[in-house]
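Along the sequence shown, the residues carry numbers beginning at 1.
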Amino acid sequence: MEAFVWNERYITGEEQVDAEHQELVRIINWIIGHRKSAAEKQEMGQILDDLVNYAANHFAHETQLMVASGCDPRFLQAHVAVHQDFAEKVTKLRDTPVDQDDIEHLLRFLSGWLAHHILGMDQSMARQLRRIRDGISPAQAYEEELLLPHDPSTDSLLEAMGALYRLIASRNEALERLNTSLEEQVQFRTQELTASNEQLKVEQGRLHLAMQQLEITQRKLLESEHRRAATTRRNIEGMLAQIIDNDPVPTFVIDANHRITHWNKACENITGLKAADMIGTQKHQRIFYPPQERPIMADLILDGSLEERVAQFYQSNYRRSPIIDGAFESEAFFPHIGQGCWLFFTAAPLLNAEGERVGAIETLQDVTERRVAKDRLLAQQNQLEQMVSERTSQLARVNTELEADRKALEELLARVEEAQQQLLQSEKMAAIGQLAAGVAHEINNPVGFVNSNLGTLKTYIGQLFAVIDAYEAASAGGDPGQVAAARQKADLDFLREDLPSLLAESQEGLGRVTKIVQDLKDFSRVDQAEYQLADLNHALESTLNVVWNELKYKAEIVRELGEIPEVECIPAQINQVFMNLLVNAAQAIDTRGRITVRSGQENGHVWFEVADTGKGMSPEVCKRVFEPFFTTKPVGQGTGLGLSISYDIIVKKHHGRFDVSSTPGEGTTFRLWLPLRGDRD
């Protein structure tokens, strides 16, 4: 009889470790079986030495495995300590046995310790190694092992085994202490030794009882495992039956003999047949295809003959399931089910652990409403196609009529554009006339006093020539007194003082004319391409000079111009906007007021403001100031196109924006925004 019964609970999954465990079990069982033939102490000692050496090699292999796999140092240290403790105890026990009973206790100690170590420490090692290989850190694997719940039956077995070898160890330590003191007190401890021997006999009896309890516990453990497995299997089968029965999708299952094993409530509802009448039968073949009995898709899948017989039963009306491997699905009309219905059905094989077909499952879906809706949709589609055809003919006739109307509209639009161009030209000519009158007035003043200075200069030159003639006559022998008379008449001291001033005034006047002409040229930009980078602060200054005649009698000009970069724009058009805003600001002031011009930059844009202290506008007027032909001026004094043209230039051509704010009686502020790099139309 073997003292150590090996079973699958001792398997750790580590091939070398399990092989060495089985070898240790084999050695222990061999010793137990041959202990009477190997009763001599020396022979038994040699056998135990061999066992200890093999165990030492096995422990070394386990240590190497844990080090190589990177086990947590705390667990490695504890494992090594257990190995060392075993070696020390076996060595002491090996030297202690003197009779057959002691050898038997030693062997039982070895069996109990080995079973305890395999089920406890080595199984824990195996679980941690598997976690580490799955990518978990050694420390986390160790911590999870500490938190792992224990099986009560296994804990009971380990506790019994632990009690067994702790009892043996306790006995051994007591014997060692006794032997140590025996040499010194043998004369005085005879009675104590006798008492100890009696206690040992009691302990041996306890050991026998513990071993018997261990064997009983081991048997109960195996029986408990078998009962648990059977209960689990029954629970799984019951749960599967509940899942299928409560599934809202009609479902039935057949076994390897094509007999129905499950027929859920949804299947009862769709077919009108109770599960009690169907389970255990093969009626499904007759239900779906009466009156003849023919296999359904689940039968063909179970037989593995779907591919060969599909043409016979389903033609091309089937396909492989895109979700379930080995499953097929189809759709067909079943006139004998209910009042006749369309079913979409899917069948799949049921496989056992070895991959063998042990049954098949099939689900049904009533798609009658979808098919009816599809037929109705097809009929409506045909009707719509007919209506579309009729409507297309009508539209073709309407398009012909619209083409004629389009040509008439194009002619009318051409006339409107021509009229608009004439109005714009009229506005432009009016602005040019007004601008020319102001510029002419500005040029006339400096030209007038330059002309007057030229007349005075002509007189001064005549007087100087008379003095020169007197000098020439005196040099030719004439009367020297004529020179003095000519000098006195010409008043050379006055001429020497007045001539530089006269020339400076004339140069200043001509400079003003030159400046006005240059500003007029900058305003018109006649010598520059359309889109270019321009300094708009400078452009605003040029516009102020050009329209100065319109401003100087009405307002004080306040400049608050900030530093701005050059802007890509059409400068002549921006100048036209500046002119319109400045002239409107001046016209909005009744007596005399102030016009403030400002500039700045913000968020990739530059902005300009023209603010006046004029009459201001109501909110209703502000909303309409950019409308073409809208004006608040009396009839004949404005066309209402100035701000409309300005809006088109800023918003439509330069992709900027206009802001206007006004308060009646206080004034109006126009602000325009321009992007630094504008999109070109």
Side-chain angles (χ1 to χ4, degrees), residues 236-237 239-375 378:
I236 291 174
E237 291 175 352
M239 186 179 298
L240 178 61
Q242 290 182 13
I243 291 173
I244 293 176
D245 192 53
N246 295 327
D247 190 349
V249 177
T251 305
F252 64 92
V253 180
I254 60 175
D255 61 14
N257 296 320
H258 299 268
R259 297 187 181 277
I260 299 174
T261 60
H262 296 81
W263 187 270
N264 69 356
K265 295 179 181 178
C267 215
E268 291 180 349
N269 293 334
I270 197 171
T271 63
L273 299 172
K274 297 296 183 180
D277 298 329
M278 299 299 298
I279 293 177
T281 71
Q282 295 180 344
K283 293 180 181 180
H284 58 282
Q285 298 182 356
R286 187 167 61 253
I287 290 172
F288 292 103
Y289 300 103
Q292 77 277 15
E293 293 188 9
R294 53 151 282 191
I296 65 172
M297 184 172 284
D299 294 315
L300 298 177
I301 287 179
L302 183 59
D303 293 338
S305 60
L306 181 62
E307 297 286 359
E308 294 78 7
R309 303 175 65 184
V310 65
Q312 176 183 356
F313 297 111
Y314 296 99
Q315 290 77 42
S316 60
N317 186 28
Y318 84 103
R319 67 170 184 172
R320 289 184 177 274
S321 172
I323 301 174
I324 305 172
D325 187 26
F328 291 84
E329 53 192 34
S330 182
E331 186 173 310
F333 182 73
F334 295 87
H336 303 286
I337 296 180
Q339 301 299 320
C341 64
W342 283 89
L343 294 180
F344 176 82
F345 48 94
T346 302
L350 298 178
L351 309 177
N352 60 13
E354 289 73 27
E356 300 171 345
R357 288 188 178 92
V358 295
I361 184 171
E362 186 163 335
T363 60
L364 311 172
Q365 287 182 325
D366 188 348
V367 294
T368 304
E369 293 183 2
R370 176 173 62 81
R371 291 297 297 245
V372 171
K374 181 179 179 182
D375 293 340
L378 183 59

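Taking every heavy atom of both residues into account, Arg259 and Gly280 meet most closely at NH1-O, 3.3 Å. Across all non-hydrogen atoms, the minimal contact from Ala347 to Glu362 is CB-OE1, 3.9 Å. Here the shortest heavy-atom pairing between Leu364 and Cys267 reads CD1-SG, 4.3 Å. Contact record, Ala327 with Ala348: CB-CB, 3.7 Å, taken as the closest heavy-atom pair. Looking at every heavy atom in both residues, Ala275 comes nearest to Glu268 through N-OE2, 2.7 Å.
In this structure, Phe334 and Ile270 have side chains that are not in contact, with every pair of non-hydrogen atoms separated by 4.5 Å or more. Looking at Ile296 and Phe345, their side chains never come closer than 4.5 Å, going by heavy atoms from C-beta outward. In this structure, the side chains of Phe252 and His262 stay at 4.5 Å or more apart for every pair of heavy atoms. At least one side-chain heavy atom of Leu351 sits less than 4.5 Å from a side-chain heavy atom of Arg357. Contact check for Leu302 versus His258: side-chain heavy atoms found under the 4.5 Å cut-off.
How far CD1 of Ile361 is from CD1 of Ile254: 10.5 Å, rounded to the nearest 0.5 Å. Atom-to-atom distance recorded for Gln282:CD and Ile260:CD1 is 8.5 Å, nearest 0.5 angstrom. Here NZ of Lys265 is found 9.5 Å from NZ of Lys274. Values are rounded to the nearest 0.5 Å. With values rounded to the nearest 0.5 angstrom, Phe344 atom CZ is found 13.0 Å from Asp366 atom CG. To the nearest 0.5 Å, atoms OG1 (Thr346) and CZ (Arg319) are separated by 8.0 Å.
In summary, of the residues considered (Val253, Asp277, Thr271), a side chain to side chain contact (heavy atoms under 4.5 Å, CB included) with Trp263 occurs for Thr271 alone.
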One pair to check against side chain to side chain contact (heavy atoms under 4.5 Å, CB included): Leu300 and Phe328. What are the steps and the verdict? CA-CA 10 Å; Leu300 298 177; Phe328 291 84; over 6 Å; no
Determine, stepwise, if the pair Gln365 / Arg370 fulfils side chain to side chain contact (heavy atoms under 4.5 Å, CB included). CA-CA 11 Å; Gln365 287 182 325; Arg370 176 173 62 81; over 6 Å; no
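Looking only at distances, a side-chain donor or acceptor of Thr368 sits under 3.5 Å from a matching main-chain atom of Trp342. Between the Asp255 side chain and the Asn257 main chain, a donor and an acceptor come within less than 3.5 Å of each other.
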